[in-house]
J.: 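This is the structure I want to talk about, given as structure tokens.
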Amino acid sequence: MNVMDIFETMEYGPAPESATPALQWIKEHQPFGLFINNQWVVPASGQYLESINPANGKPLAQVAAANSADVDAAVAAARAAFESWGKAPGHVRARYMYAIARHIQKHSRLLAVLESLDNGKTIRETRDLDIPLVARHFYYHAGWAQLMSSELPGYEPVGVVGQIIPWNFPLLMLAWKIAPALAMGNTVVLKPARYTSLTALKFAEIVQEVGLPAGVVNILTGEASQVGETLVRHPDVNKIAFTGSTDVGRSIRRATAGSGKKLSLELGGKSPFVVFDDADLDSVVEGVVDAIWFNQGQVCCAGSRLLVQEDVADSLISKLRVRMEKLRLGDPLDKAVDMGAIVSPGQLKEIQRLVAQGVEEGADMWQPSWACPTEGYFFPPTLFTNVSPATTIAQVEIFGPVLVSMTFRTPAEAVALANNTRYGLAASVWSENINLALDVAPKIKAGSVWINCTNMFDASSGFGGYRESGFGREGGKEGLYEYVRPAWEAHERSKQASSTNGAATPGDKALHGTQPVLSGDDDEQANGHNVWRVGDENGVMAALPPIDRTPKMFIKGKQVRPDSGYSRDVVDPQQRVIGQVGEGNRKDVRNAVEAAHAASGWAAGTAHNRAQILYYIAENLEVRENEFARRIVQQTGRPLADAHEEVQAAIARLFSYAAWADKYEGVVHRPPLRGVVLAMNEAIGVIGMACPDEYPLLGFISLVAPAIAMGNTVIVIPSQQAPLSATDCYQVFETSDLPDGVVNIVTGERDALCQVLADHEDVDAMWYFGSADGSKQVELASAGNMKRTWVNYGHARNWLDSQQGEGEEFLRESTQVKNIWVPYGE
Ligand code: NAD
Ligand code: MN
């Protein structure tokens, strides 16, 4: 072939990257051991698994098959290492992490080739995307290690972290897991995916090279049933971080329920790629290529649903077919190849099955005319048109190079179609009209929204899902909180564990104690307040006439009778009946959830307005301070002065969240691109909450105020023991301009009502402050729609304490971060 011939055909010549150094490295190391305590150890089982090269189906390496004995050894090593690593100054950790980043760059070529060989993804992607992002992740988090003490004061590492990752971005997912964990002072046991362990093992070598203290990073290869499940259930693991399928995520949620293990889940998706008729269609075509044919479509946030405005659909589809015809698929190590191999025969079969089902369901399938290589596991780029939104291929994550397209007419229809999924990981929005794009972005329920771009990632910008795409974020400052806990928590819990009477708070003491009741103070009288004088058991208290008032439930801004028609007694500490509340049931909860949903406009209003209403609630509570204080005394038998303190604390807390309402705003990231990323704190949606028994008023206000300040609507189950302070509040709400349905109150048996809430598909998060067993039940039931949970595992907190009872922890639990990527420039 001469130059003229090449000009004739304009064909690419082969541009292979050499596999030799990587194959040589494999040969020198195999069979690979497990990496425990900075040593390579032989697996207890003595067994090995084969890793294959999906581009030719041939064996590539033998990796160790760990079992539960190896998991025990690795966790023990991590635990021992945590003793010193967890206490090391941030600067020390930053130095090690900086060294890791440098070494990743030094070995970048080898890592890129290994990743291509083992996974089947193209060298273009591993070289230009995966590995540079891995290095960036360690640099970025070295910075957080350095800044931890100043930027996250009052937080501690969680301890030993079990991390489980998938095969689609093997080293990148490792980096997303290990970098923040180490930065925050944790130690880790990581399990790579069965098919793709090699870059993790090369990473282990880097760990040795930089001299990271032994046991800080441990890597166990093997089967999910032997390593993954054991790690999830291990009693000495403090947190599980998982990326993978929604089904496995759900089983991990169930397995860890009630254990107190922290959990973050990054799961599947079916992300919309929305094209408006004023978009630049040539850019859109390139965007689609990156959205669904990047990494053979094996991307959790792949833009797998193309939603096109009707009037440009035909023109876009034909441009797309022309482009698909030109995609080059083949040897992943060829630098001029666009698409590589599917990771495994099993994954290939699954793609084939779903595509066949799409055809059966009546959609039109289109593939380019060229043929795939016959050796190895390849699947061509595939486009479905004429797809109806309810069919399998429109709903199920295919996790392959398969795009389904649908059309819409109006922006509202686009949003509805985009949100017509149980997932919520990412979305792309294409329009040359910035007003339209920025209007639509917040309306799509997804953790990342890319405007006129797609599949953009950076360590500075958190990544993670809404809904069944999981909870927790990786990257950004928000990602750090997945690897820390408030320092007071550990100390408070060890105090509680060692104290014999278990009374941790004044509230507790009063509730469990035998002597009741106290007297009003002289100041009150001096101030002319009309205060009941309350004596001891034989005194005035006994003489108080019971107030006969049966508070109703509060749903959709109305006082409603319980569906059951039954009431339950509320008793004082002497078991005397002091009132009744409605016995709520399933139906009441469902009505309340419906009302909370209908009130979702609350989030769309201004933060200023929410602040005003919170101030107003505080003002109206203050007017009725005496009444609320007496109610607390009546229910708990605590001293009146104490009760006044609680009411005042509740008022102060309302002020705090009124203050925060327009100040918990998010940040603007500047990742390495021309553009900005707007990290916005969004409301979660509908939150179900069970209030603590201690501090009947303050506990209630401490939960409701931050949630509604951030724009959520809530269904509240007040303290079962002392519900009257909460039900009294509805009169305050009614006079404070709080829109109907923002706060709904259902009284009754706390744990039974919580079960209904946690099972409910339309509740987005559950907060629970009650018993250890109730906490477990809430976590278990919440696995259904993967709702976010915040439970106390039966540990009381001191609600009067401003660190334990209010602040950023509450705001974080009330929000989720959406990252909106806005590139600019011509
Ligand atoms: P998978 O859920 O089968 O496996 C993921 C990891 O979990 C593997 O390491 C596997 O060995 C392990 N595992 C499997 N069963 C387990 C169990 N019962 N207990 C503990 N560990 C277990 O998923 P996969 O097929 O490897 O990866 C594809 C899925 O991952 C897709 O659904 C994709 O959407 C998702 N994914 C999500 C993200 C994200 O960030 N949200 C990123 C990549 C992939
Ligand atoms: Mn492999």
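For ligands, and for the atoms within them, numbers begin at 1 and follow the listed sequence. FYI, side chains are in, hydrogens and waters are out, and symmetry mates aren't considered; it's all heavy atoms of this structure.
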J.: Would you check the N or O atoms of Glu397, main chain and side chain alike, for any that come under 3.5 Å of an N or O of ligand 1?
T.: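 The answer is yes, given that Glu397 and ligand 1 share an N or O pair closer than 3.5 Å.
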J.: Evaluate the 4.0 Å heavy atom contact test for atom 27 (O) of ligand 1: does a protein atom fall under the cut-off?
T.: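 So atom 27 (O) of ligand 1 has protein heavy-atom neighbours under 4.0 Å.
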J.: Got the closest protein heavy atom to atom 9 (O) of ligand 1, with its distance?
T.: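 Sorting protein heavy atoms by distance from atom 9 (O) of ligand 1 puts Ile165 O, 2.7 Å first.
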J.: Grab the two heavy atoms, one from Cys453 and one from Ser428, that are nearest each other, plus how far apart they are.
T.: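 Heavy-atom minimum between the residues: O-OG, 3.2 Å.
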J.: Check ring-ring contact (aromatic ring centres under 6.0 Å, His included) between Phe384 and all other residues, then give those that pass, not counting sequence neighbours.
T.: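 Expected list: none.
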J.: With the threshold set at 4.0 Å, does a side-chain nitrogen-carboxylate oxygen contact exist between Glu266 and Arg473?
T.: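 Answer for the salt bridge query: no.
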J.: For the 3.5 Å polar cut-off, considering only N or O atoms, please tell me whether Leu267 and ligand 1 meet it.
T.: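 The answer is yes, given that Leu267 and ligand 1 share an N or O pair closer than 3.5 Å.
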J.: Any N or O of Met173 that comes nearer than 3.5 Å to an N or O of ligand 1?
T.: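 Checking ligand 1 against Met173, no N or O pair falls under 3.5 Å apart.
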J.: Closest non-hydrogen protein atom to atom 36 (N) of ligand 1, residue and atom name please, with distance?
T.: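 Its nearest protein heavy-atom neighbour is Cys300 CB, 3.5 Å.
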J.: For atom 19 (N) of ligand 1, grab the closest protein heavy atom and report residue, atom and distance to one decimal in Å.
T.: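 For this ligand atom, the closest protein heavy atom is Glu229 CG, 3.4 Å.
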J.: Does ligand 1 come near enough to Thr243 that some N or O of the ligand is less than 3.5 Å from an N or O of the residue?
T.: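 It does not: no N or O of Thr243 is found under 3.5 Å from an N or O of ligand 1.
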J.: Does the ring centre of Phe471 sit less than 6.0 Å away from the ring centre of Tyr481?
T.: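 No.
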J.: For atom 24 (P) of ligand 1, what is the closest protein heavy atom, and at what distance to 0.1 Å?
T.: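 Looking at atom 24 (P) of ligand 1, the protein heavy atom closest to it is Trp167 NE1, 3.3 Å.
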J.: So which heavy atom on Asn38 is nearest to which on Leu212, and how close?
T.: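 Looking at all heavy atoms of both residues, the closest pair is ND2-O, 2.7 Å.
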J.: Suppose we measure from atom 1 (P) of ligand 1 to each protein heavy atom; which comes out shortest, and what is that distance?
T.: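 Nearest neighbour among protein heavy atoms for atom 1 (P) of ligand 1, to 0.1 Å: Ser245 OG, 3.6 Å.
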J.: Which bit of Phe463 gets closer than 4.0 Å to ligand 1, counting heavy atoms only: side chain, backbone, both or neither?
T.: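 For Phe463, only side-chain atoms sit under 4.0 Å from ligand 1.
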J.: Below 6.0 angstrom between ring centroids: does that apply to Trp167 and Phe399?
T.: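 Yes, they do, as the ring centres are separated by less than 6.0 Å.
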